[in-house]
Each structure stands twice: as C-alpha cells, then as structure tokens.
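Remarks on the structure that follows.
No experiment lies behind these values; they were computed from the predicted model shown.
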Amino acid sequence: MKKILALVLVVCMSLTMVSAFAEGKSAVDGLTVAFIPKVSGNSFFEAANDGAQKYAAEWGMTVDYIGSPDASVTTQLELIQQAIDKGVDAICISAVDATALDEKLIEAQEQGIYVSTWDSDVSPNARAMMVSQGTAAVLGPMLVDMGVESLTERGVDVNGEVKYVWHFSNPSVADQNSWYVAGDEYIKEKYPSWVAVSEPFYSNQDPAQSVSTGEAIFEAYPDIDLIICNDSTALPGQCAAAQNKGLTAADVTITGFCPPSGMTTYLEAGICTRWGLWDCGIQGALGCYLAAYVSAGNTVHVGDIVSVPGIGDVEILANGDLVEGQETAPENNGVVLLPERVVFTAENVANYPF
C-alpha cells in the first residue's frame, strides 16, 4: 500500500508540474528574490536591477530591491536580515566583502533561503551559485588592452615608458582585486617598460571619494599617462576629477569598467574614449533566476545545463574555474559565466541603452 501511495504522489506531482508548464509558468513562478546591490544609486547596480525586474516579470517572479547608498558590511548585514525577516524565497547579492557576510548568508541558507552572488562573491559555502562577468585572466588583460588602444590613439609609444596607476574600491572586493592582480601581471609580461607610480588608490565605492581620490592622483602624479579604474564608481569619479582639472583624453588616458549611462557625458566631453563592461542587466537577472531555481527545489551539479527562459542555456562550472583552489559542494554550488563583454566607444555606445 505504501508503494502505491508513493507512486500516486509522484504521478500527482508530475501532473502538477506538467500542468504548470502547460499554462506557461516558469520554474520560478510565484517566488520572491531579494536583490541586494553593493550600493544603490550607482548606474551599474541600477541597470542590473532593471534587467532583473524586466525578466522577473516574464518569469512570474518578484524581485524585491533592497538597497542602500551606504556600501558597507554593516549595512549589507542589515539588508540581509531584512530579507530574512520578510520571508523571501531567495537572495541575490553583490557582496561588499569576500568573507564578512558569510555567517549571515549561511544563516539564511539554513532557513531554506538559497543565495546567489553576482559581480562580487562571498565564500562558496555561503551561497549556492555565483554569476561572474568573467575570469580574472580575461578581465585583467581586457582593462590593460583598452588602455593600450587609447594610449596608441593619442600617440603614446606603448612599448616605451608609460606611467600608470590603478584606482578601484578596495582590496577586500575580491573580483576587482583579482582583475588588478591579473592585469598587473599582464603588464609586467607584455609591457615591461611601464612604471607603476604607486600602489593602487582606493575610493570604497563612494562617489564623492572617487572624485577626491582621482584629484589626488593628478596632484601627486601630474605626468601620469594611464589610470585604470576597475570599478564602476571609480571610473566616472576619475573622469570627473580630470574634468575638474581641465584635462581631456589628449592629456591622460582613463579607462575601466562602467555602464554606458554612467560614462556618456565624459565621452561627449572628450575625457574618455574607451571603456568596457558586460550586460549587467542579464547578470542581475541570471543571479535572481538561479537563486530562485534552487530555492524552488531544483538540484544542479557541475556540468549541468540550465535553460533560462529569454536568456538561454548556461552551464554550471566548478568554483575552482573562477578562483583556483576553491572547492565545490556536490550539489547546488558552482559558477556561471556571462558569455561576452563589450568595449564601448563613440561608434557603438548608442547600441547599449543601460
């Protein structure tokens, strides 16, 4: 009798799932995901939320934006607790610190609230999935190559001495720091004549601090050739600092990562000619979908392909594919990589309205 009841239960569950899909429902229909950016008001994170909201509407899922203009560990811990108290089904977060949020996120997962990260990660045991814009081996050299192209455009011999410096959030932001490390290694290998005038400058994802830090770079190194800003707050801040100093792309090369919406004014003003990014709208949406997908009871393993409606198939990779040496749990743990990145210039920026 128990076997018959179990069989009936399985059949009923299967019929329910078939019925749901027949009605056009997605695998995450009816679920709520808390979307927590590093900082609200930043064009990168707002664009990611816009993408998440757009796709969530198509999936029948709710994305609850829980943000703050204060990019600090204390604030993000409070926001995570808010999400837990609201009883959300999943959390999608871009972490301000690589380890400081672990305990609180593990607490959330122990309550059945699965976590995904995007843009910046936490420890692998504190989340299910990570949606990454790319490996450090890809993004570090990309930052340098954009600088090389712009330097060459203004007549600088890139095989000679080039004075450069990095400007980003801070060393505890794991992804940005890994891009800096990989990029600097790439410089030493390919452009040995270049000179790093200083250790990196940090502005902690604070818009005002990014401008004052940018001005400090110009005051300390008036003959600087290249400033690489691998942070979407630092890049426009550095460009604003150049504008305040009366400098243009003919005087100094500034490049980095930022959404087009945060940089078009500096492109039009002739302060920056080239910068890059990826489709952060898709990244935010993917992070929300994967967190909800696991929370809905689906199980994934490394090597599995998940078909995301409206976006396409994504493969679950091992955490070690992103950060060498990191372990991956047997199930519901891993990394998804975005398929491509974009370099923005005057010729193509109008094609990317985010």
Side-chain angles (χ1 to χ4, degrees), residues 37 42-56 58-59 92 94 116-121 129-150 168 174-176 178-180 182-183 186 228-232 235 255-264 267 272-291 293 300 302-323 334-354:
N42 175 284
S43 57
F44 174 81
F45 297 106
E46 298 306 315
N49 176 56
D50 290 344
Q53 299 290 349
K54 173 194 166 194
Y55 282 99
E58 298 173 9
W59 298 329
C92 177
S94 177
S116 68
T117 57
W118 62 282
D119 175 50
S120 289
D121 203 5
M129 310 305 303
M130 162 63 174
V131 181
S132 174
Q133 46 270 33
T135 64
V138 170
L139 294 170
M142 176 182 173
L143 287 158
V144 176
D145 288 341
M146 289 190 296
V148 168
E149 289 186 57
S150 292
F168 58 101
D175 58 337
Q176 293 177 16
S178 71
W179 305 337
Y180 151 65
Y186 181 72
I228 305 173
C229 303
N230 41 323
D231 165 36
S232 60
L235 180 57
T255 193
F257 290 146
C258 187
S261 59
M263 284 294 295
T264 49
L267 176 69
C272 178
T273 60
R274 180 178 285 97
W275 73 100
L277 200 66
W278 43 90
D279 194 329
C280 48
I282 288 180
Q283 188 177 22
L286 265 177
C288 289
Y289 186 91
L290 291 170
Y293 185 80
V300 297
V302 171
D304 286 354
I305 303 295
V306 178
S307 295
V308 183
I311 292 179
D313 293 345
V314 296
E315 182 180 1
I316 310 300
L317 304 176
N319 293 316
D321 289 350
L322 185 63
V323 178
V335 172
V336 168
L337 298 180
L338 291 180
E340 61 182 20
R341 285 134 294 278
V342 182
V343 175
F344 305 111
T345 65
E347 285 69 37
N348 71 351
V349 70
N351 300 327
Y352 299 94
F354 65 89

Inset, instruction - Hey, could you give me the CD/SG distance between Gln176 and Cys229, rounded to the nearest 0.5 Å? - result: 10.5 Å
Inset, instruction - Answer yes if the side chains of Gln283 and Trp278 hold a donor-acceptor pair under 3.5 Å, and no otherwise. - result: yes
Inset, instruction - Using atom types as modelled and distance alone, determine if a side-chain donor or acceptor of Ser116 lies under 3.5 Å from a backbone N or O of Gly287. - result: yes
Legend entry - Leu143 side chain reached by Tyr180 side chain, heavy atoms, under 4.5 Å: no
Inset, instruction - Can you sort out the partners of Asn230 under side chain to side chain donor-acceptor pair (under 3.5 Å), two or more places apart, ordered by chain and number? - result: none
Legend entry - Sub-4.5 Å side-chain heavy-atom contact between Ile228 and Met146: no
Legend entry - Gap separating the CE atom of Met130 from the CG atom of Leu290, nearest 0.5 angstrom: 11.5 Å
Inset, instruction - Sequence neighbours left out, what passes side-chain contact (heavy atoms from CB on, under 4.5 Å) with Ala318? Give chain and number order. - result: Val302, Asp321, Thr328
Legend entry - Check: Asn348 side chain, Val343 main-chain N or O, donor-acceptor pair, under 3.5 Å: yes
Inset, instruction - Looking only at non-hydrogen atoms, find the nearest pair between Pro259 and Phe354 and report the distance. - result: CB-O, 4.0 Å
Inset, instruction - Could you tell me which residues satisfy ring pair (Phe, Tyr, Trp, His ring centres under 6.0 Å) with Phe344, sequence neighbours excluded, listed by chain and number? - result: Trp275, Tyr352
Legend entry - Phe257 ring center within less than 6.0 Å of Trp179 ring center: yes
Legend entry - Cys258 versus Ser43, closest heavy-atom pair with distance: SG-OG, 4.1 Å
Legend entry - Results of side-chain contact (heavy atoms from CB on, under 4.5 Å) for Ile316 - residues two or more places apart only: Met129, Val300, Asp304, Val306, Val336
Inset, instruction - Determine whether Glu340 and Asp279 make a side-chain contact, defined as any pair of heavy atoms from C-beta on separated by less than 4.5 Å. - result: no
Inset, instruction - State the CG-CZ distance between Asn42 and Phe45, to the nearest 0.5 angstrom. - result: 5.5 Å
Inset, instruction - Specify the closest pair of heavy atoms between Ser307 and Asp313, including all atoms of both residues, with the distance to one decimal. - result: OG-OD1, 2.6 Å
Inset, instruction - Identify the two heavy atoms, one from Arg274 and one from Glu149, that lie closest to each other, and give their separation to 0.1 Å. - result: NE-OE1, 3.5 Å
Inset, instruction - Could you pull out the closest heavy-atom pair between Ala346 and Leu267, with the gap in Å? - result: CA-CD2, 3.9 Å
Inset, instruction - Side-chain contact test, heavy atoms from C-beta onward, threshold under 4.5 Å: evaluate it for Val314 versus Val308 and give yes or no. - result: yes
Legend entry - Flag side-chain contact, heavy atom, 4.5 Å: Leu286 against Trp118: no
Legend entry - Minimum-distance pair of heavy atoms, taken over all atoms of Ser132 and Leu322: OG-CD1, 3.4 Å
Legend entry - Close side-chain approach of Val335 and Val131, heavy atoms under 4.5 Å: no
Legend entry - Set of residues satisfying side-chain contact (heavy atoms from CB on, under 4.5 Å) with respect to Thr273, sequence neighbours excluded: Ser150, Glu153, Ala249
Legend entry - Partners passing side-chain contact (heavy atoms from CB on, under 4.5 Å) against Asn49 (at least two apart in sequence or in another chain): Phe35, Gln53, Val63, Tyr65
Legend entry - Any side-chain heavy-atom pair of Arg341 and Leu277 under 4.5 Å: no
Inset, instruction - Look up atom CE in Met263 and atom OG in Ser232, then write down how far apart they are to the nearest 0.5 Å. - result: 11.0 Å
Inset, instruction - Could you tell me whether the side chain of Leu317 reaches within less than 4.5 Å of the side chain of Leu337, counting heavy atoms only? - result: yes
